[in-house]
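Following: one structure in structure tokens, then a few remarks.
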Amino acid sequence: MEWKAFELHCHTLNSDGQFSVEKLCRAAQSEAYEGLALTDHNTQAGLGELDSFTARYGLTGIHGIELTTFFGYILIIGANRYVDWRFVTPDLIDPLLMEVRQSNGIVGIAHPKIIGNPISTGSHWNFHVTRWNLVSYIEVWSRAFPQRNVQNEAAFQMWTDLLNRGFHIAATSGRDWHAPGKEPANAAATYLGINGKPSHESAVDAIEKGRMFVTTGPRLLLSVLFGDRVACPGEEGPAGRVRIATDVSTDHRRHVYERFHIVPRTVRLVHNGNIVAEKPIESNSIISFDKMLSPGWLRAELYGNIMDNLQLIAFTSPVYFV
Amino acid sequence: MQICLSTEQLITEKERQKNLCYFFQVSSDSNRLVFRFSYDPKKLEDEKRSRELIEAGLIKDLSANTYLQALTEWRKFLPLNNLITLSLDHEGTYIGCAHRHNPDQEHVIARDYASPGFIPCQSPGGAWRAVVSIHEVVTPACTFRLEVFEEGA
């Protein structure tokens, strides 16, 4: 398996973006993304030319759409047909999510806690989901400089609360990329654990299974040893005593984020919402932990300095304990 | 060009978060449709009313401490805008949507071309539905206009 940096929330001229599909791909390549999802508002019109341009720029392209409704925005990855967004109401979201799943689509909730109407119409999540098992991920970090956005903190907490309720849900970042920026921006990447050849299918599989971590800088890998099997985010194993390893590496995409003076300092393990371990990063990039863990979930979080401010730099999706 | 549909509608905040559907027929020998869609006004110019709406929006979607901080910076959310979008279906198939903020739009659907957001239509003849989605109305009233023209072979 290889970890590849993706941008999972992009717009073009087919909705309200300023990019052509080609210029979007070129911008993604210049920022060392290895793939992107095209998620125009309420249209799949750009998907016809996506594959040729992602191939030209050495990217893996994911076919998507952002259903931009009156009551919240839904990111759909990999659906084999269009699912109608126009007539859904807050109490009728479950049937729409079921229809997405029946079309082989993966459901993500875009920026759920962003300020909605009348400032950003429809973008705050106001749907009443009862079947959270139909949702595969929540975009908890939205836009560039995600640590500056208090609505991202609320989205992160929403994700944590759902994990504590027992749902298996991954977390992503999304630039909500509409246009090239005038200034360099510290935007996150969602790294997907790709099995086999990078492709739309293997990327969608990684998202569906929750094999991912999010970072605005260094890579953060989490591994849990269950007996003689090593598990990564999205996977599960029996509760009990386990050996855990995290690995922080700063080489990948360094030229993209080094201008923001990102220095990793500590790795934290969070189990069922509680901090169970925290260790400083020293000379070795790998840190080992030995913990007794009850049923639930475990994620790793990386803290460090961004331009002299101590921040959350990266986090993984969970490994689950059953 | 022959007109297939012409409508003008005055809407208020009562039509917020509603879809208005318009059905029209296109003749079988047509090979190109032109949609002219516009609405006016776009912006809310009344600053006092803007502040009221912004405050209502912030208190709804933020926690107490972030609400108060955001309120001190309410001007950064100006101007407030109306947002109305157009999407199309042909014979039950979704043709696409122009989810854009420009209040003055023209779109073409033809056999081998479509404006951004839409897909070409090989045989445009038949039953069409134009759906006007009222995402937000912040002005006391807003008027939208939709005209559809067809061109034959």
Side-chain angles (χ1 to χ4, degrees), chain A residues 11-21 39-49 65-73 79 81-90 111-126 148-155 157-158 178-179, chain B residues 13 16-21 44 49-50 52-63 65-67 69-70 74 76-89 92-102 114-120 129 131-139:
Chain A
H11 297 280
T12 70
L13 296 166
N14 287 288
S15 60
D16 62 350
Q18 294 178 26
F19 288 117
S20 64
V21 175
T39 56
D40 271 314
H41 299 289
N42 297 333
T43 183
Q44 296 170 300
L47 300 183
E49 50 177 348
I65 184 172
E66 183 176 25
L67 298 191
T68 305
T69 83
F70 301 144
F71 308 108
Y73 293 7
R81 58 183 165 82
Y82 163 73
V83 174
D84 202 330
W85 59 272
R86 293 168 288 190
F87 304 98
V88 67
T89 57
H111 45 62
K113 297 297 184 179
I114 207 168
I115 301 168
N117 293 54
I119 293 156
S120 177
T121 59
S123 54
H124 190 91
W125 188 256
N126 285 307
R148 297 180 186 175
N149 188 333
V150 294
Q151 287 103 55
N152 286 341
E153 290 178 22
Q157 187 60 51
M158 173 186 175
H178 284 73
Chain B
E13 64 172 9
R16 282 177 76 248
Q17 299 175 334
K18 287 192 166 67
N19 296 293
L20 304 180
C21 298
L44 176 61
R49 179 66 180 145
S50 293
E52 288 168 5
L53 290 173
I54 289 168
E55 189 165 343
L58 295 178
I59 204 169
K60 177 169 51 67
D61 289 341
L62 294 179
S63 60
N65 53 339
T66 52
Y67 155 70
Q69 179 61 42
W74 70 274
K76 75 177 184 185
F77 301 114
L78 296 174
L80 295 183
N81 292 305
N82 297 324
L83 178 62
I84 308 174
T85 63
L86 176 68
S87 58
L88 301 170
D89 305 277
T93 297
Y94 188 68
I95 299 298
C97 177
H99 187 98
R100 301 198 248 294
H101 301 274
N102 179 358
S115 292
F118 300 99
I119 55 174
R129 179 176 68 170
V131 179
V132 175
S133 299
I134 319 289
H135 294 266
E136 183 58 88
V137 180
V138 293
T139 53

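Numbered from 1 within each chain, the chains take letters A, B, ... in sequence-line order. Quick note: numbers below take in every heavy atom, side chains included, and nothing from hydrogens, waters or symmetry partners.
The salt bridge (charged side-chain N to carboxylate O under 4.0 Å, His left out) search around Glu55(B) returns Arg51(B), not counting sequence neighbours. Judged as a ring-ring contact (aromatic ring centres under 6.0 Å, His included), and not counting sequence neighbours, His101(B) has no contacts. Considering only residues two or more places apart in sequence or on other chains, Gln151(A) meets the side-chain hydrogen bond (donor to acceptor under 3.5 Å, both in side chains) condition with none of them.
Side-chain atoms of Thr121(A) and Asn81(B), non-hydrogen and from C-beta on, never get closer than 4.5 Å to each other. Side-chain contact check for Asp89(B) versus Arg86(A): some heavy-atom pair is nearer than 4.5 Å. Counting only heavy atoms from C-beta outward, the side chains of Asn117(A) and Gln17(B) approach each other to under 4.5 Å.
To the nearest 0.5 Å, atoms CD1 (Ile119(B)) and CG (Leu47(A)) are separated by 10.5 Å. Taken to the nearest 0.5 Å, the CG atom of Leu67(A) stands 11.5 Å off from the NE2 atom of His99(B). Here the NE2 atom belonging to His135(B) is positioned 11.5 Å from the OG atom belonging to Ser120(A), to the nearest 0.5 angstrom. Interatomic distance, OG1 of Thr93(B) versus CZ of Arg81(A), reported as 12.5 Å (0.5 Å rounding). Rounded to the nearest 0.5 angstrom, Ile115(A) CD1 and Leu62(B) CG are separated by 4.5 Å.
Using a distance-only test at 3.5 Å, with no hydrogens or angles considered, no donor-acceptor pair links the side chain of Asn42(A) to the main chain of Cys97(B).
Using a 4.5 Å cut-off between heavy atoms, Ile134(B) contacts chain A through its backbone alone, with no side-chain atom that close. The contact between Ser87(B) and chain A is made by backbone and side chain atoms together, counting heavy-atom distances below 4.5 Å. Only the side chain of Trp85(A) has a heavy atom closer than 4.5 Å to any heavy atom of chain B. Interface remark: His41(A) contributes backbone and side-chain atoms alike to the contact with chain B (heavy atom separation under 4.5 Å). For Leu80(B), the part sitting under 4.5 Å from any heavy atom of chain A is the side chain, from C-beta outward, and nothing else. With a 4.5 Å cut-off on non-hydrogen atoms, Lys60(B) touches chain A through its side chain but not through its backbone. For Phe87(A), the parts lying under 4.5 angstrom from a heavy atom of chain B are both the backbone and the side chain.
Of all the heavy atoms in Gly117(B) and Ala45(A), the pair that sits closest is C-CB, 3.6 Å. Taking every heavy atom of both residues into account, Ile114(A) and Asp61(B) meet most closely at O-OD2, 4.3 Å. Summarising the geometry of Pro118(A) relative to Gly57(B), their closest heavy-atom pair is CD-CA, 4.1 Å, with the distance given to 0.1 Å.
Residue-level contacts of residues 14-21 of chain A with chain B, in order of numbering, are Asn14(A), Ser15(A), Asp16(A); threshold 4.5 Å between heavy atoms.
Annotation: Glu49(A), atom CD; neighbour count of heavy atoms from other residues, nucleotides and ligands within 6.0 Å is above 12.
Across Thr89(A), Thr12(A), Leu13(A), the residue that shares the most heavy-atom pairs under 4.5 angstrom with chain B is Leu13(A).
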